[in-house]
Amino acid sequence: MDQDRNRERGGNCCSCCLSFIFTAGLTSLFLWLSLRPNKPKCWIQEFYVPALNKSLNSKLNTTLNFMIRLDNPNRDQGIYYDDVHVSLSNTNTTTNSSALVANYTVPQFYQGHKKKAKKWGQALPLNNQTVLRAVLPNGSAVFRLDLKTHVRFKVVFWKTKRHRIEVGADVEVNGDGVKAHKKRIRMKKSDSSTRLRSYFPVCVLMNLLVFFAIL
Ligand SMILES: *[C@@H]1O[C@H](CO)[C@@H](O)[C@H](O)[C@H]1NC(C)=O
Ligand SMILES: *[C@@H]1O[C@H](CO)[C@@H](O)[C@H](O)[C@H]1NC(C)=O
Ligand SMILES: *[C@@H]1O[C@H](CO)[C@@H](O)[C@H](O)[C@H]1NC(C)=O
Ligand SMILES: *[C@@H]1O[C@H](CO)[C@@H](O)[C@H](O)[C@H]1NC(C)=O
Ligand SMILES: *[C@@H]1O[C@H](CO)[C@@H](O)[C@H](O)[C@H]1NC(C)=O
Ligand SMILES: *[C@@H]1O[C@H](CO)[C@@H](O)[C@H](O)[C@H]1NC(C)=O
Ligand SMILES: *[C@@H]1O[C@H](CO)[C@@H](O)[C@H](O)[C@H]1NC(C)=O
């Protein structure tokens, strides 16, 4: 009698322990799934080159003026941006080679949940002529804007490791010196960039391992 009861109690304890481990495992899995951060979305919102504005009648102001927009798509994570390196280039259609026009750096900053950051930049070209020569026979010019940075996500109390962001897009500038199409331009991952590796908290793995080991 006593032995049976003991065995029963032992079994209860074991299944209780199992269900605790299972629940804890599931909970952390769901927590991880809901807290897993998404990379920011990057856009070119504005672009203006005064030297290419025909009605200005002056080609002296060769600055490249632009606004990039960075959206934090996450409801539960803030984003720490390292310095954001912007480089502007132009493809020589004769030689089919890409030449750097200018560089610009947006200083590091923090962005809260679901926030949109609009950053104006003004870049001086390394060589004024590269800007003026960029105009195509049809009167428009195409520049490429590449953006490079690293971000850390703020998840509740801790910061994740750095994730690389490397995106870019072409922007067409018309005879008024502005972005030819009103719509903002989504910057896409450049070929060389790596995918955001998801991080999987060790505790979840351990928990599941323990669970399956007991099973
Ligand atoms: C181009 O220059 C003209 C003349 O100064 C000015 O009125 C116009 O606003 C400029 N265009 C842009 C897009 O700034
Ligand atoms: C060049 O144009 C930009 C944009 O309109 C303006 O902010 C800047 O002051 C101008 N620079 C000079 C030297 O005129
Ligand atoms: C320019 O170079 C790229 C890459 O080398 C090539 O795929 C493309 O066909 C070239 N275009 C022209 C017009 O030569
Ligand atoms: C411009 O930026 C690119 C990429 O960030 C870098 O490789 C290059 O050395 C920079 N050039 C200058 C002149 O700052
Ligand atoms: C570009 O043009 C500006 C304004 O005319 C001038 O001050 C500057 O020295 C020029 N820079 C180069 C690298 O040619
Ligand atoms: C393209 O390269 C050719 C040959 O080097 C040069 O003559 C031409 O001015 C360049 N065009 C541009 C837009 O830089
Ligand atoms: C001008 O030519 C470029 C390159 O061929 C093209 O991408 C652009 O759409 C043209 N722009 C207009 C307004 O036709």
Side-chain angles (χ1 to χ4, degrees), residues 39-71 79-111 117-153 161-197:
K39 282 210 267 191
K41 293 192 169 71
C42 311
W43 316 83
I44 302 171
Q45 181 120 11
E46 309 277 356
F47 204 91
Y48 178 47
V49 187
L52 303 186
N53 181 354
K54 287 204 190 83
S55 23
L56 214 52
N57 278 325
S58 158
K59 295 193 187 317
L60 288 180
N61 190 341
T62 52
T63 56
L64 301 131
N65 305 268
F66 54 89
M67 187 212 271
I68 53 172
R69 177 174 147 179
L70 305 162
D71 291 2
I79 300 181
Y80 292 96
Y81 291 83
D82 284 354
D83 284 354
V84 179
H85 299 289
V86 174
S87 66
L88 295 141
S89 54
N90 172 250
T91 300
N92 184 327
T93 46
T94 319
T95 59
N96 193 20
S97 62
S98 176
L100 178 70
V101 176
N103 275 349
Y104 184 81
T105 302
V106 179
Q108 58 184 76
F109 67 100
Y110 173 75
Q111 181 175 49
K118 292 177 175 176
K119 300 286 182 184
W120 276 104
Q122 186 172 68
L124 276 169
L126 303 168
N127 175 354
N128 290 335
Q129 294 309 310
T130 56
V131 174
L132 303 175
R133 278 202 307 253
V135 180
L136 298 165
N138 67 7
S140 67
V142 178
F143 293 96
R144 182 172 175 83
L145 194 154
D146 284 294
L147 183 157
K148 264 192 219 174
T149 189
H150 287 88
V151 295
R152 282 168 299 165
F153 297 98
K161 69 179 174 68
R162 285 184 160 80
H163 296 283
R164 183 146 64 118
I165 307 286
E166 231 179 284
V167 291
D170 286 338
V171 55
E172 189 186 337
V173 175
N174 64 20
D176 295 328
V178 289
K179 190 154 68 63
H181 306 286
K182 266 254 168 304
K183 206 162 167 279
R184 59 174 192 255
I185 302 166
R186 176 81 187 265
M187 285 188 261
K188 299 269 174 60
K189 211 175 288 174
S190 326
D191 293 339
S192 60
S193 91
T194 54
R195 279 184 48 215
L196 170 66
R197 255 183 308 157

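Every number for a ligand or one of its atoms is a count from 1 in the order of the listing.
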### Message
Among Asp71, Val167, Ile79, exactly one meets side-chain contact (heavy atoms from CB on, under 4.5 Å) together with Pro40. Which residue is that?
### Response
Ile79
Would you mind writing out the side-chain donor-acceptor pairs for residues 137-147 within the sub-3.5 Å range, not counting sequence neighbours?
{"from": "Asn138", "atom 1": "OD1", "to": "Ser140", "atom 2": "N", "distance (Å)": "3.1"}
{"from": "Asn138", "atom 1": "OD1", "to": "Ser140", "atom 2": "OG", "distance (Å)": "3.0"}
{"from": "Ser140", "atom 1": "OG", "to": "Glu172", "atom 2": "OE2", "distance (Å)": "3.3"}
{"from": "Arg144", "atom 1": "NE", "to": "Asp146", "atom 2": "OD1", "distance (Å)": "3.2"}
{"from": "Arg144", "atom 1": "NE", "to": "Asp146", "atom 2": "OD2", "distance (Å)": "3.1"}
{"from": "Arg144", "atom 1": "NH2", "to": "Asp146", "atom 2": "OD1", "distance (Å)": "3.3"}

### Task
Determine whether any heavy atom of Ser55 lies closer than 4.0 Å to an atom of ligand 1.
yes
### Message
Under 4.0 Å from a heavy atom of Leu56: which atoms of ligand 1 are those, numbered in the order shown and with their elements?
### Response
2 (O), 4 (C), 5 (O)
### Task
Just jot down the ligand 7 atoms closer than 4.0 angstrom to any heavy atom of Glu172, in number order.
8 (C), 9 (O), 10 (C), 11 (N), 12 (C), 13 (C)
### Task
Measure the shortest side-chain to side-chain distance between His85 and Asn103 over non-hydrogen atoms and say whether it is less than 4.5 angstrom.
no
### side chain to side chain donor-acceptor pair (under 3.5 Å) pairs, two or more places apart, involving residues 178-187
none
Pairs of nitrogen or oxygen atoms, one from ligand 4 and one from the protein, closer than 3.5 Å: please tabulate them with distances.
{"from": "ligand 4", "atom 1": "2 (O)", "to": "Asn103", "atom 2": "OD1", "distance (Å)": "3.0"}
{"from": "ligand 4", "atom 1": "2 (O)", "to": "Asn103", "atom 2": "ND2", "distance (Å)": "2.5"}
{"from": "ligand 4", "atom 1": "11 (N)", "to": "Asn103", "atom 2": "ND2", "distance (Å)": "2.8"}
{"from": "ligand 4", "atom 1": "14 (O)", "to": "Asn103", "atom 2": "ND2", "distance (Å)": "2.9"}

#### Entry: Donor + acceptor pair across side chains of Gln122, Asn65 (<3.5 Å)
yes
### Message
So if I count the atoms of ligand 7 from 1 in the order they appear, which ones are less than 4.0 Å from some heavy atom of Leu136?
### Response
2 (O), 3 (C), 4 (C)
### Task
Could you tell me how the ring of Phe66 sits relative to the ring of Tyr104: parallel (under 30°), tilted (30 to 60°) or perpendicular (over 60°)?
perpendicular
### Query
Can you find a heavy atom in the side chain of Gln111 that is under 4.5 Å from one in the side chain of Val151?
no
### Task
With heavy atoms of Val178 as the reference, note each atom of ligand 1 found under 4.0 Å away.
13 (C)
Under 3.5 Å, sequence neighbours excluded: what are the donor-acceptor pairs made by side chains of residues 49-58?
{"from": "Asn53", "atom 1": "OD1", "to": "Ser55", "atom 2": "N", "distance (Å)": "3.1"}
{"from": "Asn53", "atom 1": "OD1", "to": "Ser55", "atom 2": "OG", "distance (Å)": "2.9"}
{"from": "Asn53", "atom 1": "ND2", "to": "Tyr48", "atom 2": "OH", "distance (Å)": "3.2"}
{"from": "Ser58", "atom 1": "OG", "to": "Leu60", "atom 2": "N", "distance (Å)": "3.2"}

### Numbered atoms and elements of ligand 1 in range of Asn53, under 4.0 angstrom, heavy atoms
1 (C), 2 (O), 3 (C), 8 (C), 10 (C), 11 (N), 12 (C)
### Cation-pi check, Lys119 onto Phe109 ring (under 6.0 Å, within 45° of axis)
yes
#### Entry: Residue Ser140 vicinity, atoms of ligand 7 by number, heavy atom under 4.0 Å
1 (C), 10 (C), 11 (N)
